[in-house]
2 protein chains.
Amino acid sequence: MKATIRDVAKLAGVSISTVSRVMNSPQSVIESKRRKVLEAVEQLSYQPNSFARGLIYRKSFTLGLLIPDIENMYYAGIIRGMQEACNKLGYSLMICNTDRDSARLLSYIDTFHEKQVDGIVFASDRMSPEYYDKLSAYRIPVVMLSSHSDEFEIPSIEVDDEAAAYDAVKYLIGLGHQKIAMMGFNDVNSVSGPPRLKGYLRALSDGGIDASSLLGRVKHAAHYFEHAYEAAHELFMEYPDTTAVFCVADEFAMGTISYLKDQGVSVPEQVSVIGFDNIRMAGIYIPKLTTIAQPTFELGYRSAEKLHELITTGQTEIMREKLLHKLIIRESAGTVS
Amino acid sequence: MKATIRDVAKLAGVSISTVSRVMNSPQSVIESKRRKVLEAVEQLSYQPNSFARGLIYRKSFTLGLLIPDIENMYYAGIIRGMQEACNKLGYSLMICNTDRDSARLLSYIDTFHEKQVDGIVFASDRMSPEYYDKLSAYRIPVVMLSSHSDEFEIPSIEVDDEAAAYDAVKYLIGLGHQKIAMMGFNDVNSVSGPPRLKGYLRALSDGGIDASSLLGRVKHAAHYFEHAYEAAHELFMEYPDTTAVFCVADEFAMGTISYLKDQGVSVPEQVSVIGFDNIRMAGIYIPKLTTIAQPTFELGYRSAEKLHELITTGQTEIMREKLLHKLIIRESAGTVS
DNA sequence: CTGAAAGCGCTAACAT
DNA sequence: ATGTTAGCGCTTTCAG
């Protein structure tokens, strides 16, 4: 049986209150007794029962993380960063993968409530009223990660998607490209979608390119390689003179490159492709991806810190926080031929 | 404030025991009262406090998962499978990423104990006496995943590494290769390492190849692409006549292919490369990887089921369970030129 | 500085 | 079928 505070008290020859004190404010107990207690603790491998503490403190010292797709490498960095911050702050982490299924997400919120997580970081999904209502009813502090909400007052942390897309496309233009296509998310609920499209368009205009003539080259795909492959097919069937494509995810860039390769067109010699996220695989792919890096580790880390701030103070200093992206130049984009 | 059982009881005009009953054995409460209670539950978004229940049941209905590296895509499938099983069985899941750091792992075991997880699946690492002692002292049920222990009596579930390696190398031999190298894990604690080497060696012998003459071609790398890239460099500097390499991880295969590509040698025309795991990226890489697939989802799923069995019955039917691997033929391996 | 006792929210006897 | 009550293990007044 797990040792309880009574076992320790008995073994140390003190009352349970004394044991409790050495666990929580050691200096309030006289040296001699404290030593005896500590010895007993050691001997019995005693750890306070977290259920009992939870009952009293009404806190679980656990944070919840909701991600849409664990197979997406983007979240690996997020998770590492968040776990690191949790370790530092004394929280445990409970990760739930929703597979972009809203029923599942809702049910995980129930679980989080039942397990009394102290707060939730809600990653990359759109905050629907349905989610929001539940979260509010349960009064669970939330911060949004790589996402934000225009409808609701929720602290968020993300990259500046518009600016990032702008930089990517500007880079392409600087390389001499004009017929620049884009591959965005085929997801009405995408929150990063619209700003990235906006950044693409603005870069085009700023570069003296008639954006409206390129609109047909904006294709969409559903998160995965295969869909990007097909979207690339569609794109190049319709617009074979495209010389560069801006992809809003590294996996889209891979799908596009793979399609091109199958068609015998070489990247970057004939067509340039730029990705987004800088997942670990981006530096491994052939050719290595030129891409916009997101600071995933920091994003995860900061989200936990921010949530902690929200939990402890009831508010956050900065409501909508932005972290810096960065253009990583590798091999998949080159000057126009 | 979160609603308690008393709030519900008051609102429904019954005693708290009645509320407790409708939560736990509804049919033991008369229809009319049950309805009233259910309504109150609904209205107050009542969920029983899991701390209070935990205190009574001495169970958290939470399972812990220890993985060495969340950046390794291999674990994405594992996690999905395990979470799926957890949902089915009524458990929550707490995932901890050790980054292959033993101090961290030890500390996560403490956390798991403190949070009173009902059991732990311990993935891919060697079970050191240090870990084992702690786990035993805490009396936490454990099953090992993609790993096993020869020293300790711990249920495990994994693929047959020896047979899988054998099949991979046999396939290469069938393609006409003779000078077959291997790239294994550079990790003294690797548990899948030795059996895979054994499978490689046995396939060679069975194929009429003098295995001992090939021993110098067995190189090692440390889990990541970059290290495999370097190991490939070493390999081909020493043995330029190598025509095929069996890699014990898809990422090693990618590193090898990348190195080869940088040297201007084409895969599979000049050199064949075969991977292991069949991570999602294997089908996306250029060329697409021929590899040994591990049923990661099932592995994760079964590990949770097995752990559940261990928790509830105190034992498992099969101590060491093996799941089937499968050769996936794609593009990275071809006939010898 | 230390011990006794109340009570966190719930379940499970035990009565009725 | 339902209410009353005694804890589960711990923290925290409150006395002393």
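Here is the naming used below: chain letters follow the sequence lines, and residue numbers restart at 1 for every chain. Predicted model, so just to flag it, every value in this text is computed and none were measured.
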From [atom1] of [X] over to [atom2] of [N], roughly how many Å is that when rounded to an integer?
X      : N       : atom1 : atom2 : answer
N24(A) : dT12(D) : CG    : P     : 6 Å
R58(A) : dG9(D)  : CZ    : P     : 20 Å
F51(A) : dT11(C) : CZ    : P     : 13 Å
E31(B) : dT2(D)  : CD    : C1'   : 16 Å
R6(B)  : dC10(C) : CZ    : P     : 8 Å
I16(A) : dG7(D)  : CD1   : C1'   : 13 Å
M23(A) : dT2(C)  : CE    : P     : 16 Å
L55(B) : dC8(C)  : CG    : P     : 13 Å

Pair [X]-[Y], side-chain donor/acceptor within less than 3.5 Å:
X       : Y       : result
Y108(B) : D101(B) : no
S149(A) : Y132(A) : no
Y138(A) : D110(A) : yes

[X] side chain, from C-beta outward: closest of [options]:
X      : options                  : value
I56(B) : dT11(C), dC10(D), dT4(D) : dT11(C)
I30(B) : dA5(C), dA1(D), dG9(D)   : dA1(D)
A52(B) : dT12(D), dG3(C), dG9(C)  : dG9(C)
S20(B) : dG3(D), dT11(C), dC10(D) : dT11(C)
R21(A) : dT12(D), dG3(C), dG3(D)  : dG3(C)

- Query: Between the base of dA4(C) and the side chain of S17(A), is there a donor-acceptor distance below 3.5 Å?
  - Reply: yes
Charged N to carboxylate O below 4.0 Å: is that the case for [X] and [Y]?
X       : Y       : value
R53(B)  : E114(A) : no
D150(A) : R320(A) : yes
K36(B)  : E39(B)  : no

- Task: Pick base, sugar-phosphate or nothing for Y57(A), based on heavy-atom distances below 4.0 Å to the nucleic acid.
- Result: sugar-phosphate
- Counting only N and O atoms by type, is there a donor-acceptor contact under 3.5 Å from the side chain of D7(A) to the main-chain atoms of T4(A)? yes
- Whether F297(A) and Y301(A) hold their rings parallel, tilted or perpendicular, with breakpoints at 30° and 60°: parallel
- Message: Tell me the bend of the helix from dC1(C)-dG16(D) to dT16(C)-dA1(D) as the angle between end helix axes, each from five pairs, rounded to the nearest 10 degrees.
- Response: 40°
So, is [X] near the phosphate of [N], with a side-chain N or O under 4.0 Å from OP1 or OP2?
X      : N      : value
T4(B)  : dC8(C) : no
K33(B) : dG3(D) : yes
S15(A) : dG3(C) : yes

